[in-house]
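Scroll down for the structure; my scribbles are underneath it.
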Amino acid sequence: MRLITLLLAGVALSACASTPIPPLAEGQVRVSLSYHPGQLLMAEKLDEQRWPDGRYFDLAPGAHTLESKLIFERPGGGSLGQESEPVQVTCHYRLHYADFAAGQRYRLHGQVQGWRGYVRLYDEAGQVLARAKELRCGAF
């Protein structure tokens, strides 16, 4: 089942990847997504509306709520010295930021530390602007 999920995610992303990201419209804000190898961060919703492209968000200046999901694997929970398959974990996050500025580019970065995932918003200088709240997380 895990293999099927990864294959479907790969097919969906390869379809998106073959389509270039459109240029940023004047006066708009772009939020790019980044993550570490072996992980996947995808854009899900902008202001509670489904976002059509998982690779980025484009939005007007001002306050917005971004929802994303981070997919990663963690070691399985084998018992009595037995190893088990890694477990695929999907975590959903919501981030609210009030000061998106026109013409600026931001980065939403997902990463895993230990058994937990984290999503943070960075400005062009690499400063952390906001931390996303975990909505739910598990082996879905």
Side-chain angles (χ1 to χ4, degrees):
M1 183 65 171
R2 182 176 59 89
L3 180 58
I4 292 171
T5 303
L6 288 174
L7 287 173
L8 289 174
V11 168
L13 284 178
S14 65
C16 288
S18 65
T19 305
I21 293 177
L24 181 62
E26 189 171 330
Q28 293 290 300
V29 176
R30 168 131 324 141
V31 179
S32 300
L33 279 67
S34 67
Y35 47 89
H36 294 281
Q39 302 167 14
L40 176 63
L41 180 66
M42 295 183 66
E44 292 265 286
K45 293 182 181 179
L46 170 61
D47 298 329
E48 298 187 23
Q49 299 295 314
R50 179 77 49 204
W51 184 251
D53 193 321
R55 301 174 294 168
Y56 67 96
F57 290 103
D58 278 353
L59 43 113
H64 293 283
T65 300
L66 310 176
E67 291 187 30
S68 60
K69 71 178 171 184
L70 180 63
I71 302 170
F72 59 95
E73 286 187 346
R74 68 173 190 217
S79 61
L80 300 174
Q82 298 177 349
E83 293 185 29
S84 63
E85 291 290 315
V87 175
Q88 181 176 317
V89 177
T90 302
C91 297
H92 295 262
Y93 298 90
R94 180 179 295 136
L95 180 139
H96 182 78
Y97 185 66
D99 296 319
F100 285 107
Q104 296 297 305
R105 292 182 182 265
Y106 299 86
R107 181 172 54 97
L108 194 62
H109 181 73
Q111 70 182 57
V112 177
Q113 294 176 334
W115 295 77
R116 306 234 15 166
Y118 299 90
V119 175
R120 294 182 177 104
L121 180 68
Y122 293 86
D123 64 11
E124 290 179 306
Q127 299 296 313
V128 176
L129 301 174
R131 290 170 172 76
K133 177 184 176 187
E134 182 182 291
L135 300 175
R136 64 188 176 281
C137 197
F140 299 111

Test log, rule side-chain contact (heavy atoms from CB on, under 4.5 Å), inputs His64 and Val31: CA-CA 11 Å; His64 293 283; Val31 179; over 6 Å; no
Euclidean distance, Glu67 CD relative to Gln49 CD, rounded to 0.5 Å: 10.5 Å
Neighbour count >12 (heavy atoms, 6.0 Å) for atom CD, Gln113: yes
Gap between atom CG of Leu33 and atom CG of Leu108 - 0.5 Å precision: 5.0 Å
Which atom of Lys45 lies closest to which atom of Arg50, heavy atoms considered: CE-NH2, 3.8 Å
side-chain hydrogen bond (donor to acceptor under 3.5 Å, both in side chains) involving Ser34 - partner list, sequence neighbours excluded: Arg107, His109
Identify every side-chain donor-acceptor pair in residues 117-132 under 3.5 Å, counting partners at least two apart or on other chains, and give the distances.
from, atom 1, to, atom 2, distance (Å)
Asp123, OD1, Ala125, N, 3.0
Asp123, OD1, Gly126, N, 3.0
Asp123, OD1, Gln127, N, 2.8

Sequence-distant partners of Asp99, side-chain hydrogen bond (donor to acceptor under 3.5 Å, both in side chains), two or more places apart: none
CE on Met42 to CZ on Arg55, rounded to 0.5 Å: 10.0 Å
Common cluster, Tyr97/Leu135, ILVMFWY with side-chain heavy-atom separation under 4.5 Å: no
Shortest non-hydrogen contact from Ala102 toward Pro61: CB-CG, 3.5 Å
Shortest non-hydrogen contact between Gln111 and Leu70, atoms and distance: O-CD2, 3.6 Å
Partners passing ring-ring contact (aromatic ring centres under 6.0 Å, His included) against Tyr106 (at least two apart in sequence or in another chain): Phe100
Distance in Å, Glu44 CD paired with Leu66 CG, rounded so as to fall on 0.5 Å steps: 12.0 Å
side-chain hydrogen bond (donor to acceptor under 3.5 Å, both in side chains) involving Arg74 - partner list, sequence neighbours excluded: none
Residue pair Val87 / Ala139: nearest heavy atoms and the distance that separates them: CG1-CB, 3.6 Å
Interatomic distance, His92 atom NE2 to Arg136 atom CZ [nearest 0.5 angstrom]: 4.0 Å
Shared hydrophobic cluster, Leu24 / Phe57 (ILVMFWY, side-chain heavy atoms < 4.5 Å): no
Residues Asp53, Asp58; criterion side-chain contact (heavy atoms from CB on, under 4.5 Å); working and verdict: CA-CA 10 Å; Asp53 193 321; Asp58 278 353; over 6 Å; no
Candidate pair Glu48 and Thr65, rule side-chain contact (heavy atoms from CB on, under 4.5 Å), full reasoning: CA-CA 7 Å; Glu48 298 187 23; Thr65 300; 5.8 Å; no
Partners passing side-chain hydrogen bond (donor to acceptor under 3.5 Å, both in side chains) against Glu134 (at least two apart in sequence or in another chain): Arg116
Side-chain donor or acceptor of Trp51 paired with backbone N/O of Tyr56 under 3.5 Å: yes
